[in-house]
Amino acid sequence: MFEKLLSIDRRIIFIFVAVALILPLFLNISQYIAISPEVSKIYDGLEELKPGSKVLFAFDYDPPSAPELQPMAEAVLKYCFKNKLKVYIIGLWPQGPMQANLAIEVIRDDPQFADTPPVYDQNYVNLGFMSGNELVIQGMGSSFQSTFPRDYQGTPTADLEMMNGVNNFSNIDYIFNLSAGYPGTVEWVLFAVDRFHATLGAGNTAVQAPQIYPYFHAGQLQGLAGGLKGAAELEKLVGFYGKGTKFMLSQSFAHLTVIFFIIIGNIAYFATRGKKKQ
Amino acid sequence: METGFTLSNTIAAILTIGIISFLWKDNPLYKLCESLFVGVSAGYWFVSLYYQNLLPKLFDTLGLTQLFTSADIEPGAIQILINEGRVDNSFLYLIAGILGALMLTRLIPNLGWISRWPLAFIVGTTSGLYFTTYFQSNAMAQLRSTILPLDSIGNVVIVIGTVCGLVYFYFSKEHKGVMGGAARVGVWFLMITFGASFGYTVMSRMSLLIGRFDFIFSTWLGLTG
Amino acid sequence: MLNRTGGIVFTTLAIIACCVMSDFVYADNSAVPEDPSFGVPAPPSNVRVEDVPGDAGGAVRVRWNLSPDDVDRNTKFEGYQILRSTQIDNNFEIIGTSPPGQDLFTDNSTTDGVEYYYIVRADAGSMISESPPRGPVKSSQQWFNIGRLNSFIALLILSTAIILYINQAKRGKELYVRKIAGLDAVDEAVGRATEMGRKIFFIPGTQDMNNVQTIAGVTILGRVARLTAQYETPLDVPVSRSMVMVTAREVVKEAYLNIGRPDAYNDDMVHYLTDDQFGYAAGVDGLVVREEPATIFYMGAFYAESLILAETGNSVGAIQIAGTAMPAQLPFFVAACDYTLIGEELFAASAYLSKEPKLLGSLKGQDLGKLIILVAIAIGVILETAGWFDFSRLFTVQ
Amino acid sequence: MRREIPMILTGFVGFVYIIQFFVPHAPFDIMEGLLTDWMLIIFAFAIWLGALNLLKVSLDKIYRKGKDWQYSIVTVFGFLLIAIPGFFFSGGRRFQDPGTAFDYIYQNVYTPLSATMFAMLAFFVASASYRAFRARTKEATMLLLAAFVVMLGRVPVGDMITQWLPEGYRLSQVADWIMNYPNMAGQRAIMIGIGLGIVSTSLRLILGIERSHLGGEE
């Protein structure tokens, strides 16, 4: 029996994984989500901001990474709109600003924001994508206007009400970067933080997060949320539950399935190894 | 994003299912999706590279586009020469254009070897770039952050792990005695690193799949909230 | 002998480099008075202006001692404004601001050769106070980026060592190289495919020729192609970049020529699929399940597609040998392949497989580099633990 | 001749690039941007070779009626499906704007294919862990344990089953510790090794010691 287990058809594993992921989407079980210090730091940083403070969002990801990062974007944007913070959106990835628009659409449809839907050039502006990777950040260090001459819709940046008096990082109170790779959080740390002394919090894909931890520990990064768990924690902190929390149950099931198979595999392995020795 | 059985959602859903069906076994639907994917993605990059690199970086810089259209583009090298009578630096891009065109000599049977020139250019630039930047970011910067006071268990672990790991990569001595011991410890550290990164990645990958399933069951079929 | 001298020279030079640099990296902060009045803020004092050293021009650095009113308790204090003019007495304009606690501003908008004057203003909302104008200062281009002196010295030592060892090797000195399991298995893997009468797949990564890992991968392809030419094993190289296709064809053709089998070579052995990461993965997956190769090599730079490829290869029972210097992808290859070249081993592979003395010499040079780094870690850790000297500062990169 | 000129060119460009790293003065100040742009231009030319090769191989197969030739029609169709609208019917250089034909195909054909292929990793991660994470040797056991702790520590369940442990020793915290210390040490050793390997490989390429990528004399 154990020999069979050792050479189990991998399709059986696939079926288990699929079921483990799909089933929880239909379930409504709440689970306890522990808040890690690096995520609560982001919340602390945002809490310190007074109404009217300016928050720069850098959307550096594309649709494939959206399942992890979109819930973070929505949670933090909701927090900003609720607390009357001004939101400035840019993207170093071509599809970043589009993801931002998707997030804002979701917020507009949210009944909690029915009375105060975010208004363009009053609550937020979207300056769009600019090519040049870290050079864009460096350019923003001297002037936002010359780096982003026009916004996402093609309006000259100088004509935007919200850009009044906003010219470089010293006018921005907090930067929140959503990053799935290069260019991303590393570049924001090296340029915006190290050179221009901005305050930076970041949401990262779980794959990228381990490489970002050192910057958090060195104090260059104010806070860090990693992967879907980070998204769920953010949602819990800001009090707007979304897909991060919803998907977390699938996530737990998936991990348990993988671990279950590793244990089975090892039991089978040791059981058959004993046999051969005799 | 629109929800429900729209044409675009249905196309997207069929393609999603087609790719996933490969997990069961190779089948005609997967073959169809795969062939389509190879073709569409090759076309995607073919178009993108033209508009994102060739057009703005070569034709606009030289001023060729401006000769044919009245589009709102900064003057290129040709316009500067005509209007201001000055030879601008951007004429240097002609070299890139020539090198690029030489790449296409591959298509001519007996001249194919000329394409080694642009290739040599790329390899030269790459080696020059990597020589300095990787030394700084990988060797120097990592060395700098490994020089730590041994005042916590964490720091001791980092220093020992890095040192032993480096010993593992030592090529010109047999791994025996002290070296052998250190290299062995180095391998342990490498294994922990691989295990931890793998474990961490499981999370990310699962999230992606959850996202796809959510598309099928919420966005397309509208079954969950 | 060479090792030791190299280490000493390196350390000495590095210390000198550091002393030069530390001169302008650190600035002193003035003391904070006991009881600030928080009315009109006191102006910043001791304003200094200088051309940014070791840059491409176009920048002036302004530094000052903090205003005594710039303390945490003073919530009215908003920061500093930096004003610039080309005349000492008028036309000053605000060119930038710095937050409280910050004593440095770099003006990146100067024209080289023009004389500028600067004023730093303490800003407490409605109340301000100014420092006297400072200058003139001109920005200019420099001939050496002094901040990179440490890298320059270290690279010089490393390159010299590599070249010396290569020359030594050329003169016929025997060089030992430790076993690399993955590479010892190459022969066996090719042999197995021959016996089974199945194909060998070689994937030179998914990045273009502007990645040194791809170049290393293509070089290894050359060695593998010699074996397939010898054993007459069919070879299939699907690639993701046009430039890699061109290069790989050259390399494989040359290998077949060298073995004396030009007839067995044809261009279609190396073919392009798509530049797209996942499009390529989908295409290769299809090829693998349909052709069922006996052996698959993955040598080069990979991203997330690494596991898609390696798991599919595994499902058809192929022997898989991988090598990459992408730290994030190594775990997947380790988990799904039979042998994996880890990081630096990929770059050592062409030397190891060819056993060419010139290449082996450079491996020895790399090892010297490692030795210097190990010594530097040892010295640094001792100095840091005892608290004598911040040794890590020598290796600051800019 | 056929090898010498490329070798000299590689060496020359390599040296220029290294010099510009240390010398900020003109003319080296513009070199980095210039060389990078040139490289992108050459790549943009080179993709023609790849695209033509793909079409040639596919058309060959259709013509010869090779195995599964019908699918080659799909490949050619897919290529034209996006290339023709991209070049001719999507507003020129604004081809990626929302609402163009190019964008429609990108959003509804390319994106789901790409995202699903990416998401398939979840399944492969599971099957690879099942096979690879066996405590065969001491080394394999360490890999297994680290993966185990991190996987459990990253989801709420991990903290649930270790709530009885003192603060600082719960699974999520142990996972963080592993990520930040032993994992960091291993990463560093790998990175330093790669750094040196790249320096030496680049040097060999610039000096023309490694030149097999240029092919032979013919």
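None of the values given here were measured: they were computed from a predicted structure. Letters A, B, ... mirror the listed sequences (proteins, then strands); counts begin at 1. Computation of the quantities below employed the complete heavy-atom set of this structure, encompassing side-chain atoms and omitting hydrogens, waters and symmetry-equivalent molecules.
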Derivation of the side chain to side chain contact (heavy atoms under 4.5 Å, CB included) call for B:S207 and A:M248
CA-CA 9 Å; B:S207 314; A:M248 209 59 223; over 6 Å; no
Taking everything shown except A:F113 itself, do over 12 heavy atoms lie less than 6.0 Å from its CZ?
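Result for CZ/A:F113: enclosed.
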Crowded around B:W45 CH2? As in, over 12 foreign heavy atoms under 6.0 Å?
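Check fails, neighbour count at 12 or below.
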Do you know which two heavy atoms are closest between A:L25 and B:D214, and how far apart they sit?
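What the structure gives for the nearest pair is CD1-N, 4.1 Å.
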Can you see which heavy atom on A:Q251 is nearest to which on B:V202, and at what distance?
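Minimum heavy-atom contact is NE2-O, 4.4 Å.
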Do B:Q52 and A:P94 come close enough that some side-chain heavy atom pair is under 4.5 Å?
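No. Closest side-chain heavy atoms not under 4.5 Å.
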A:I22 and B:I216, any side-chain heavy atoms less than 4.5 Å apart
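Sidechains of A:I22 and B:I216: no contact.
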If you round to the nearest 0.5 Å, how far is CE of B:M206 from OG1 of A:T257?
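Result: 7.5 Å between the selected atoms.
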To the nearest 0.5 Å, what is the distance between CG on B:L209 and CG on A:L21?
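CG of A:L21 is found 5.0 Å from CG of B:L209.
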Out of A:A66, A:A206, A:A254, return the one with the most heavy atom pairs under 4.5 angstrom to chain B.
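Ranked by contacts with chain B, first place is A:A206.
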Check: B:S204 side chain, A:V207 main-chain N or O, donor-acceptor pair, under 3.5 Å:
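Checking the backbone N and O of A:V207 against the side chain of B:S204, a donor-acceptor pair under 3.5 Å is found.
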Where along residues 68-77 of chain A does a heavy atom come under 4.5 Å of chain B, listed by residue number?
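When heavy atoms of chain B are the reference, residues 68-77 of chain A contributes A:E68 within the under-4.5 Å range.
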By a 4.5 Å heavy-atom criterion (distance strictly below it), what part of B:Y200 contacts chain A: side chain, backbone, both, or neither?
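Looking at B:Y200, backbone and side chain both touch chain A.
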Given that the side chain runs from C-beta out, which part of B:R212 has a heavy atom under 4.5 Å from chain A: side chain, backbone, both or neither?
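For B:R212, no heavy atom lies under 4.5 Å from chain A.
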Within residues 20-40 of chain B, which residues come under 4.5 Å of chain A, heavy atom to heavy atom?
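Against chain A, the residues of residues 20-40 of chain B that fall inside the cut-off (heavy atoms, under 4.5 Å) are B:L23, B:W24, B:K25.
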A:F14 versus chain B, heavy atoms under 4.5 Å apart: side chain, backbone, both or neither?
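The side chain, not the backbone.
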